[in-house]
Amino acid sequence: MDLTESADEQAFRAEARHWLRSHAPAASLPSFDTREGFEAHRAWETELYEGRWSAVSWPEEYGGRGADYIKWLIFEEEYYRSGAPGRVNQNGIFLLGPTIMEVGTAAQKERFLPRMASSRDIWCQGWSEPNAGSDLAGIRSRAVRDGDHWVLNGQKTWASRGAFADWMFGIFRTDPSAERHRGLTFILVPLESEGVTVRPIAQLDGETGFAEVFLDDVQVPVDNTLGEVNHGWQVAMATAGFERGISLRSPERFVQTARRLVALRAELAEDDPDAMDASLDDAVVRGWMDAQAYSLHTCWTVSHLLAGGTIGAEASLNKIFWSEMDIRMHAAAQQLLGPFAELTAAAPDARHDARWLDGYLFALAGPIYAGTNEIQRNIIADRVLNLPRGA
Ligand SMILES: Cc1cc2nc3c(=O)[nH]c(=O)nc-3n(C[C@H](O)[C@H](O)[C@H](O)COP(=O)(O)OP(=O)(O)OC[C@H]3O[C@@H](n4cnc5c(N)ncnc54)[C@H](O)[C@@H]3O)c2cc1C
């Protein structure tokens with residue numbers, strides 16, 4: 001692993017930093033879990049696209065810069081350092097986009113990728129169902145072929161940003177007689193189709209970050225099938241690998257949280273040195289060290305990939321590490337803030353950085369989404385450690 005940047009990489013960093021400094025919104029945008037915030041984030045994504053920064057690792061022909069993993073890491077570092085808005089189309093750009101590049105037809109690449117990169121189409125992920133979360137192969141939503149169309153029926157749930165998204169990618173049962181993991185097909189569904197009902201779900205903070213999606217005789221062209229019919233499980237697992245691996249949780253996000261945590265500790269100590277609980281220092285130091293370790297591990301992974309390696313089941317280790325680290329850092333901040341930790345930004349007595357509360361609530365979801373951490377531990381036991389199955 002060589003951490004020295006080449007002249008070309010330094011120039012790329014300088015260009016990204018300069019662009020972000022002159023374009024990133026000065027004030028935070030409203031939350032993308034509100035209609036107003038969603039559209040404000042779409043506009044920001046369009047601006048990123050116009051600067052060719054929305055999907056840096058994509059090929060140039062689809063609006064990217066053909067950046068390798070090192071440049072992708074550099075861009076992510078600059079992005080989080082600049083404090084630019086969260087990525088409203090991450091399900092599209094970071095999950096579905098790479099999957100389409102891997103298994104999509106030439107026509108699908110041309111049709112979907114540029115609109116995704118510019119966020120004219122914002123995507124949500126329609127995998128989970130009321131009785132199929134961890135046990136994803138238990139999905140019951142059906143797709144039945146009728147001439148040039150699939151007819152979809154069923155219910156999806158927990159679709160992040162589904163309340164306002166334009167499209168959903170989902171897996172549907174196409175051969176009910178096949179073994180559970182076979183007989184599934186990956187289908188791209190426009191949410192404006194007749195027969196689709198999107199019902200927003202309010203989260204803990206009251207915003208509609210999720211939606212249930214009901215499908216009643218929804219007709220979708222068979223051209224919207226991604227990968228082979230009845231091989232949707234393999235396509236979904238490729239997407240899940242992108243989600244658990246390096247593409248969605250770039251290290252700088254956690255490095256920035258660690259920086260804010262150290263700054264919070266320093267600020268509180270300056271305000272009232274006698275009130276400081278020294279026992280919390282360990283948690284602050286651990287947060288910093290964990291974030292650095294995660295960052296270096298990502299550099300190692302990138303070196304491994306550039307040397308021709310692949311990421312397999314060990315992506316599950318990564319997912320457990322970042323999700324638990326995120327909770328620990330936010331919990332440490334909550335403890336440092338004491339009674340002020342529970343105040344939202346709008347509270348008259350809010351002090352320090354009220355973003356800690358939102359961040360803490362969101363961090364709690366980390367061990368659940370992208371496959372729960374219990375499931376990741378099963379995968380590690382089974383496929384990384386080759387442990388025998390329990391009785
Ligand atoms: C913030 C957030 C965003 C999400 N976004 C999306 C999205 O965009 N699209 C989408 O499709 N879904 C989304 N989900 C849903 C998510 O994928 C599921 O919640 C997750 O897969 C778990 O499924 P479940 O909720 O049905 O829980 P269950 O599968 O019912 O699990 C309940 C508990 O049992 C444990 N458990 C289950 N099976 C086993 C086992 N074999 N071994 C050990 N423990 C087990 C689980 O770990 C968990 O603790 C999101 C969830 C969250 C929290």
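Just follow the structure's listing: the first ligand is 1, and inside any ligand the first atom is 1. These numbers were taken from a predicted model, which means no experiment stands behind them. FYI, side chains are in, hydrogens and waters are out, and symmetry mates aren't considered; it's all heavy atoms of this structure.
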Around [atom], find the nearest protein heavy atom and jot down its residue, atom name and distance.
{"atom": "atom 29 (O) of ligand 1", "value": "S134 OG, 2.6 Å"}
{"atom": "atom 20 (C) of ligand 1", "value": "I368 O, 3.7 Å"}
{"atom": "atom 21 (O) of ligand 1", "value": "G133 C, 3.6 Å"}
{"atom": "atom 46 (C) of ligand 1", "value": "T372 OG1, 3.7 Å"}
{"atom": "atom 42 (N) of ligand 1", "value": "N378 ND2, 3.0 Å"}
{"atom": "atom 25 (O) of ligand 1", "value": "W158 NE1, 4.2 Å"}
{"atom": "atom 17 (O) of ligand 1", "value": "S128 OG, 3.4 Å"}
{"atom": "atom 52 (C) of ligand 1", "value": "Y369 CB, 3.6 Å"}

* Which one of S160, A370, G366 has a non-hydrogen atom at the shortest distance from atom 4 (C) of ligand 1? -> S160
* Nearest non-hydrogen partners of A313 and I379, listed with the distance ->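 It is CB-CG2, 3.9 Å.
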* How far apart are the closest heavy atoms of W123 and N89, and which atoms are they? ->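 It is N-OD1, 3.0 Å.
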* Answer yes if the side chains of T239 and T99 hold a donor-acceptor pair under 3.5 Å, and no otherwise. => yes
* Short N-O contact, E252 and R259, less than 4.0 angstrom -> yes
* To do: Step by step, work out the side chain to side chain contact (heavy atoms under 4.5 Å, CB included) result for R260 and M329.
  => CA-CA 10 Å; R260 285 172 51 227; M329 287 196 288; over 6 Å; no
If we set the cut-off at 4.0 Å for heavy atoms, which region of [X] has an atom near ligand 1: side chain, backbone, both, or neither?
{"X": "L136", "result": "neither"}
{"X": "A159", "result": "backbone"}
{"X": "I375", "result": "side chain"}

* Asked: Does the separation of the ring centres of F362 and Y369 fall below 6.0 angstrom?
  -> yes
* Structure fact -> Note: ligand 1 atoms sitting under 4.0 Å from heavy atoms of E374 are 43 (C), 44 (N), 46 (C), 47 (O), 49 (O)
* Which atoms from ligand 1 have a heavy atom of W127 less than 4.0 Å away? ->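 This gives 11 (O) as the contact atoms.
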* Quick one: do S323 and N373 satisfy side chain to side chain contact (heavy atoms under 4.5 Å, CB included)? Show the steps, please. => CA-CA 9 Å; S323 56; N373 284 10; 3.0 Å; yes
* Measure from NZ or CZ of R87 to the centre of the six-membered ring of Y79, then state whether that distance is under 6.0 Å and the direction lies within 45° of the axis. => yes
* Asked: Is atom 34 (O) of ligand 1 less than 4.0 angstrom from at least one protein heavy atom?
  ->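 It does not; no protein heavy atom is within 4.0 Å.
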* Is the shortest distance from atom 6 (C) of ligand 1 to a protein heavy atom below 4.0 Å? ->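 Yes, there is one.
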* Asked: Taking side chain as C-beta onward, heavy atoms only, is L215 less than 4.5 Å from V196?
  ->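 In contact.
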* In terms of ring plane angle, is the pair F169 and F186 parallel, tilted or perpendicular, where the classes change at 30° and 60°? -> parallel
